[in-house]
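A short worksheet on the structure shown next.
First listed ligand is number 1; within each ligand, the first listed atom is number 1.
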Amino acid sequence: MQRQPLTLIEHITRTQASFPDATGDFTQLMEAIALACKLIAREVNKAGVGKLLGLAGRRNVQGEQVARLDEFANDTLVHTLSRTGTACALGSEELAVPILLPTSDSEGKYAVLFDPLDGSSNIDLAMPVGTIFGVYRRCSQPGRLGEPSDLLQPARALIAAGYAVYGSSTVFVYTTGEGVHGFTLDPSIGEFLLSHPDIRVPARGSILSINIANRSRWDEATMRAVDRWLDQKRALTSRYVGSLVADAHRALLRGGLFAYPADASHPAGKLRLLYEAGPMALLFEKAGGAASDGRQSILDKMPEDLHDRTPLILGGTADHKLWSEALAEGEDER
Ligand code: AHM
Ligand code: MG
């Protein structure tokens, strides 16, 4: 008899079985995120026909144009998560301030952060986009509204993180700390099926993923790190989609480096610490890779604001080491 791969929910349920005190709330929360990702995948795939292409006609808190699909993805996540009663606070790239939810004593154990539609500049071009999420345990008192501090935790405190990439297929990748696992959406049955069990990032890869057009705005140390990486005497290549989810997904599976360093236009980096860098950092570390801002582990960075930015370097351990050593060398010389 042919064995069917595990569904995402079966996989999460099995993982939770090792926690004797588990109430099912976490599984329900993850089910809501997975459902939202399926709904978003459906709209992404028919964006042209469904009239969701183009701009919504407003800018978000970061001054960026909001696409109609950004809005749809954000509303979908907020709606599916709010109605579970498992979350006390929601933070999103598309929300200027967090949504704090009223909860009873037994509700709202979790605080959830998300980038509802990452890589939105790629939507109108039929290129891969994605959703990124991170889940914290609530740190404020239960039985009342959640607090912003429930979301402002370092990524090391994440109890789960993941993403869905909407590419030539839709793949959902997540970790709860015990390995990193990938599931491919089978649209004919509407289920995510286990396709990439226990993902490990190769220590050394051959791909550098960076926006080379920022070169004139990099400082000397960053320039040295890029050159050092490219000067290795082995076959290398470069790939850059411009959707963090897609570029990070490739680096997670194939190794190499994804880098969005600080530059003169983005002195604190471009990517957001809480809902882009943090979840990706947990995934890379749990898959045996590395994630830093070049100097400090992303997992240890203490956020001050929901929309804090950070430089981000993700990759296999050997590739990452080469980059950070080149950066540090520059500093020793000063
Ligand atoms: P977004 O969340 O508004 O889509 O912006 C984040 C995106 C990342 O997905 C990607 O890594 C980066 O911005 C690309 O930036 P650039 O176009 O400057 O290379
Ligand atoms: Mg993004």
Problem set entry | Stacked cation flag Arg234 on Trp229, 6.0 angstrom / 45 deg | yes
Problem set entry | Candidate with minimal heavy-atom separation from atom 17 (O) of ligand 1, of Glu93, His266, Lys270 | Lys270
Exercise. Does Ser243, backbone or side chain, put an N or O under 3.5 Å from an N or O of ligand 1?
Worked result: no
Exercise. Any side-chain donor-acceptor pair under 3.5 Å between Asp293 and Thr310?
Worked result: no
Exercise. Which ligand 1 atoms are under 4.0 Å away from a heavy-atom of Glu276?
Worked result: 2 (O), 6 (C)
For this session: Show your working on ring-ring contact (aromatic ring centres under 6.0 Å, His included) between His11 and His181 and close with a plain yes or no.
Result: CA-CA 9 Å; His11 194 271; His181 311 282; 4.5 Å; yes
For this session: Go through ligand 1 atom by atom and flag the ones less than 4.0 Å from a non-hydrogen atom of Gly242.
Result: 8 (C), 9 (O), 10 (C), 12 (C), 14 (C)
Problem set entry | Selected option - heavy-atom contact closest to atom 8 (C) of ligand 1, from Val129, Ile212, Leu244, Asp247 | Leu244
Problem set entry | Heavy-atom proximity to atom 16 (P) of ligand 1, best of Asn122, Asn211, Ile132 | Asn211
Exercise. Can you find a side-chain donor-acceptor pair between Thr131 and Tyr166 that sits under 3.5 Å?
Worked result: yes
For this session: Below 4.0 angstrom from a heavy atom of Tyr240, which ligand 1 atoms are there? Numbered from 1 as shown, please.
Result: 14 (C), 15 (O), 16 (P), 19 (O)
Problem set entry | Atoms in ligand 1 flagged as close to Ser120, the criterion being non-hydrogen separation under 4.0 Å | 3 (O), 4 (O)
For this session: Work out whether the distance between some heavy atom of Val241 and some atom of ligand 1 is less than 4.0 Å.
Result: no
For this session: Could you tell me whether Asn214 approaches ligand 1 through its side chain, its backbone, both or neither, with non-hydrogen atoms closer than 4.0 Å?
Result: neither
Problem set entry | Pair Lys286, Thr176: side-chain N/O donor-acceptor within cut-off below 3.5 Å | no
Exercise. So, Arg138 and Thr103: side-chain donor and acceptor under 3.5 Å apart, yes or no?
Worked result: yes
Problem set entry | Any N or O of Phe258 closer than 3.5 Å to N or O of ligand 1 | no
For this session: Report yes if some heavy atom in the side chain of Leu282 is under 4.5 Å from a heavy atom in the side chain of Thr175; otherwise report no.
Result: yes
Problem set entry | Element-labelled atoms of ligand 1 that are located less than 4.0 Å from some non-hydrogen atom of Arg272 | 1 (P), 2 (O), 3 (O), 5 (O), 6 (C)
Exercise. Is Arg217 atom CZ crowded by more than 12 heavy atoms from other residues, nucleotides or ligands, each under 6.0 Å away?
Worked result: yes
